Amino acid sequence: MRFRYGSPDVVEVRDVEKPTPSDDEVLIRVIAASVNRGDLDAIIGRPRFARLFMGLRAPSSPKLGIDVAGVVESVGPGVTRFKPGDEVFGDGFKFGMCAFAEYVAVRESVLETIPAGLSMEEAATLPHSAVLALQGLRHRNGRTFGPGARVLIDGASGSVGPFAVQIAKSMGAEVTGTCRTEKVEFVRSLGADHVIDYTKVDYTRAGERYDWIVDTDSHHSILSVRRALAPNGTYVTLGGWDSAIFAGMLLGPLISRFSDRWTGLMLWWKPFHRPDVATLKELIAAGNVKPAIDRRFSLSDVAEALRYVDEGRARGKVVITM
Ligand SMILES: NC(=O)c1ccc[n+]([C@@H]2O[C@H](COP(=O)([O-])OP(=O)(O)OC[C@H]3O[C@@H](n4cnc5c(N)ncnc54)[C@H](OP(=O)(O)O)[C@@H]3O)[C@@H](O)[C@H]2O)c1
């Protein structure tokens with residue numbers, strides 16, 4: 001929980017009452033959760049304009065945690081898809097973050113059954129990051145790239161990036177990932193064909209051209225990434241600070257109208273969209289996508305886990321175990 005905006009230092013673990021599921025809610029005994037940049041955004045209040053919705057001076061809700069995996073403990077009277085004992089996972093972003101807890105009550109619509117062969121910890125890494133990765137690799141209208149396309153994942157070593165690398169590879173792309181020096185081998189191990197150490201090379205100035213670029217957390221200006229886009233190429237940024245988001249929302253689409261290249265913010269995110277979850281299950285079953293878990297922290301150490309991710313130390317996902 002946290003009661004003011006700030007660094008992960010403002011996060012504390014408190015005893016609260018076990019929630020009771022209302023009509024369409026499912027009470028889950030949480031086995032694992034995972035850390036996302038979205039949790040850190042909520043802690044710091046980023047982007048700043050989002051505080052209009054999150055709470056102007058302080059967060060309107062103290063709860064934290066987007067990704068959840070666990071066992072159904074009980075269900076509300078209106079629940080039709082799940083029963084006690086079912087193993088479920090989901091993305092609680094839309095309905096209030098609350099996954100960093102021993103028990104959570106969430107609407108059944110944000111949950112899916114965990115596929116066979118996937119551990120609770122692995123399942124907890126998927127809902128937010130893997131769906132963002134999948135949706136960042138296609139336009140709102142479904143347009144995407146074909147086999148042989150040159151795809152760059154800027155920020156390939158965090159939460160979304162490793163999924164994006166693996167999904168793009170499964171689509172037949174030639175994939176380049178960027179990361180800091182210490183994580184080059186990690187990104188290569190995900191299957192990336194090329195890895196750029198962003199501390200040494202600025203890909204927008206390296207002379208290469210890409211058909212599709214996913215920027216996991218806005219590391220370059222919209223104007224500079226255009227240099228690295230091939231004709232008819234696409235640059236999708238997922239997030240960042242206010243200026244990057246406004247540029248992605250307004251400037252990118254505006255200049256795209258006068259160009260054969262598309263640049264902009266992903267505004268078509270559908271959290272834990274059921275058809276996308278089905279696609280991810282298939283990719284996992286086929287062995288094309290495997291969650292990369294860096295470290296596990298216990299719930300009592302959740303602030304340390306958040307700090308670990310915030311400081312850029314994580315290679316892939318960080319899991320919170322109860
Ligand atoms: N559009 C939407 O609807 C929507 C919805 C939800 C969330 N989001 C956004 O989705 C994003 C998810 O990001 P994430 O969870 O993957 O973040 P993350 O885990 O923090 O990963 C950040 C990545 O950026 C890299 N990076 C850091 N500084 C860099 C630099 N200067 N140049 C190049 N790369 C750099 C990191 O590399 P190293 O670790 O190697 O330094 C890492 O690979 C967030 O921005 C979130 O706000 C968007």
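Note that this is a predicted model, so its numbers are computed, not measured. By convention here, the first residue in the shown sequence is residue 1.
- The closest donor-acceptor contact from the side chain of Arg227 to the backbone of Thr204 lies under 3.5 Å.
- Checking each of Asp202, Thr178, Thr237 against His220 for a side chain to side chain donor-acceptor pair (under 3.5 Å) leaves exactly one that passes, namely Asp202.
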Given side-chain hydrogen bond (donor to acceptor under 3.5 Å, both in side chains), test Ser259 with Ser256 step by step and report yes or no. CA-CA 5 Å; Ser259 155; Ser256 304; over 6 Å; no
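- Follow the hydrophobic side-chain contacts under 4.5 Å out from Val16 and you never reach Val302; the two are in separate clusters.
- The shortest non-hydrogen separation linking Glu108 to Phe82 is O-CE1, 3.6 Å.
- Of the possible donor and acceptor atoms, one in the side chain of Arg2 sits under 3.5 Å from a partner among the backbone N and O of Ser61.
- Within the 4.5 Å cutoff, the side chain of Pro62 has heavy atoms near those of the Phe3 side chain.
- Side-chain contact between Val71 and Ile28 is absent, with no heavy atoms from C-beta onward closer than 4.5 Å.
- Taken to the nearest 0.5 Å, the OG atom of Ser218 stands 7.5 Å off from the CG atom of Leu265.
- Classification of the Phe89-Phe272 ring pair by plane angle, with boundaries at 30° and 60°, yields perpendicular.
- Around atom NZ of Lys63, no more than 12 heavy atoms belonging to other residues, nucleotides or ligands sit under 6.0 Å away.
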Assess the residue pair Leu299 and Thr321 against the criterion (side-chain contact (heavy atoms from CB on, under 4.5 Å)); give the C-alpha distance rounded to whole Å, side-chain angles, the decisive distance to 0.1 Å, and a yes or no. CA-CA 6 Å; Leu299 182 60; Thr321 55; over 6 Å; no
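- None of Asp242, Asp217, Asp39 except one satisfies the salt bridge (charged side-chain N to carboxylate O under 4.0 Å, His left out) rule with Arg46; the exception is Asp217.
- Nearest heavy atom pair, residue Val318 against residue Ala305, reads CG1-CB, 4.0 Å.
- Within 6.0 Å of the NZ atom in Lys281, the count of heavy atoms belonging to other residues, nucleotides or ligands exceeds 12.
- Separating the NZ atom in Lys290 from the CG atom in Leu283 is a distance of 14.0 Å, to the nearest 0.5 Å.
- Put simply, the side chain of Ile43 reaches to within 4.5 Å of the side chain of Val10, judged on heavy atoms.
- The two residues Cys179 and Val195 make their nearest non-hydrogen contact at SG-CG1, 3.8 Å.
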Please lay out, stage by stage, how Lys83 and Val75 fare under the test side-chain contact (heavy atoms from CB on, under 4.5 Å). CA-CA 7 Å; Lys83 59 180 188 319; Val75 298; 5.7 Å; no
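- Test Thr234, Val236, Asp276 against Arg138 for side-chain contact (heavy atoms from CB on, under 4.5 Å) and you get one pass: Asp276.
- The hydrophobic clustering, which links ILVMFWY residues whose side-chain heavy atoms are closer than 4.5 Å, places Ile222 and Tyr210 together.
- Of all heavy-atom pairs spanning Ser34 and Phe100, the tightest one is O-CE2, 3.7 Å.
- Counting heavy atoms of neighbouring residues, nucleotides and ligands inside a 6.0 Å radius, atom CD of Glu12 exceeds 12 of them.
- Side-chain atoms of Tyr103 and Thr20, non-hydrogen and from C-beta on, never get closer than 4.5 Å to each other.
- Counting heavy atoms from C-beta on, the side chains of Asp24 and Thr80 never come closer than 4.5 Å.
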Evaluation steps, side-chain contact (heavy atoms from CB on, under 4.5 Å), between Ile167 and Leu280: CA-CA 9 Å; Ile167 295 167; Leu280 287 170; 4.0 Å; yes
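- At least one side-chain heavy atom of His139 sits less than 4.5 Å from a side-chain heavy atom of Trp212.
- More than 12 heavy atoms of other residues, nucleotides or ligands lie within 6.0 Å of CZ in Arg180, so this atom counts as buried by the packing criterion.
- Note that CD of Glu17 is 11.0 Å distant from CG of Asp15, once rounded to the nearest 0.5 Å.
- In the displayed structure, Arg209 atom CZ is contacted under 6.0 Å by more than 12 heavy atoms of other residues, nucleotides or ligands.
- Partner Leu152 forms a side-chain contact (heavy atoms from CB on, under 4.5 Å) with one of Val175, Val225, Ile196 and no other, that one being Ile196.
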Quick one, Arg140 with Met266, criterion side-chain contact (heavy atoms from CB on, under 4.5 Å). Give me CA distance, side-chain angles, the key distance, then yes/no. CA-CA 8 Å; Arg140 185 193 296 276; Met266 184 171 81; over 6 Å; no
Report the C-alpha separation of Thr113 and Asp86 in whole Å, then their side-chain angles, then the decisive distance to 0.1 Å, and conclude whether the side-chain hydrogen bond (donor to acceptor under 3.5 Å, both in side chains) test is met. CA-CA 7 Å; Thr113 308; Asp86 285 351; 5.8 Å; no
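- The cationic group of Arg261 does not satisfy the cation-pi geometry with Tyr235, failing either the under 6.0 Å distance to the six-membered ring centre or the 45° limit from the ring axis.
- Cluster membership check: Phe145 does not share its hydrophobic cluster with Leu229, using side-chain heavy-atom separations under 4.5 Å among Ile, Leu, Val, Met, Phe, Trp and Tyr.
- Under a 4.0 Å N-O distance rule, the pair Arg307/Asp310 does not qualify as a salt bridge.
- Leu132 is not connected to Ile293 by any chain of hydrophobic side-chain contacts under 4.5 Å among Ile, Leu, Val, Met, Phe, Trp and Tyr, and they are in different clusters.
- Look at Glu182 and Arg315 and you find no salt bridge, because none of the NZ, NE, NH1 or NH2 atoms lies under 4.0 Å from a carboxylate O.
- For an aromatic pair to be called close, the ring centres must be under 6.0 Å apart, and Trp269 with Phe93 satisfies this.
- Taking 4.0 Å as the cut-off between side-chain N and carboxylate O, Arg274 and Glu112 count as a salt-bridged pair.
- Contact check for Pro162 versus Phe186: side-chain heavy atoms found under the 4.5 Å cut-off.
- The CD atom of Glu122 sits 7.0 Å away from the OG1 atom of Thr125 when rounded to the nearest 0.5 Å.
- Linking ILVMFWY residues whenever their side-chain heavy atoms come closer than 4.5 Å, directly or via other members, leaves Ile153 and Tyr203 in distinct clusters.
- Within the cation-pi definition used here (under 6.0 Å to the ring centroid, within 45° of the axis), Arg295 qualifies as a partner of Tyr308.
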Run the salt bridge (charged side-chain N to carboxylate O under 4.0 Å, His left out) check on Arg296 and Glu121 step by step: do they pass? CA-CA 9 Å; Arg296 291 134 178 102; Glu121 293 181 0; 2.4 Å; yes
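- Using a 4.0 Å cut-off between charged side-chain N and carboxylate O, Lys317 and Asp67 make a salt bridge.
- The closest donor-acceptor contact from the side chain of Thr263 to the backbone of Pro253 lies at 3.5 Å or more, if one exists at all.
- A pairwise comparison of heavy atoms in Pro271 and Asp91 identifies CB-OD2, 4.0 Å as the closest pair.
- Using a 4.5 Å heavy-atom threshold, the side chains of Leu306 and Val35 count as touching.
- Here Glu174 contributes atom CD and Asp211 contributes atom CG; the two are 9.5 Å apart, rounded to the nearest 0.5 Å.
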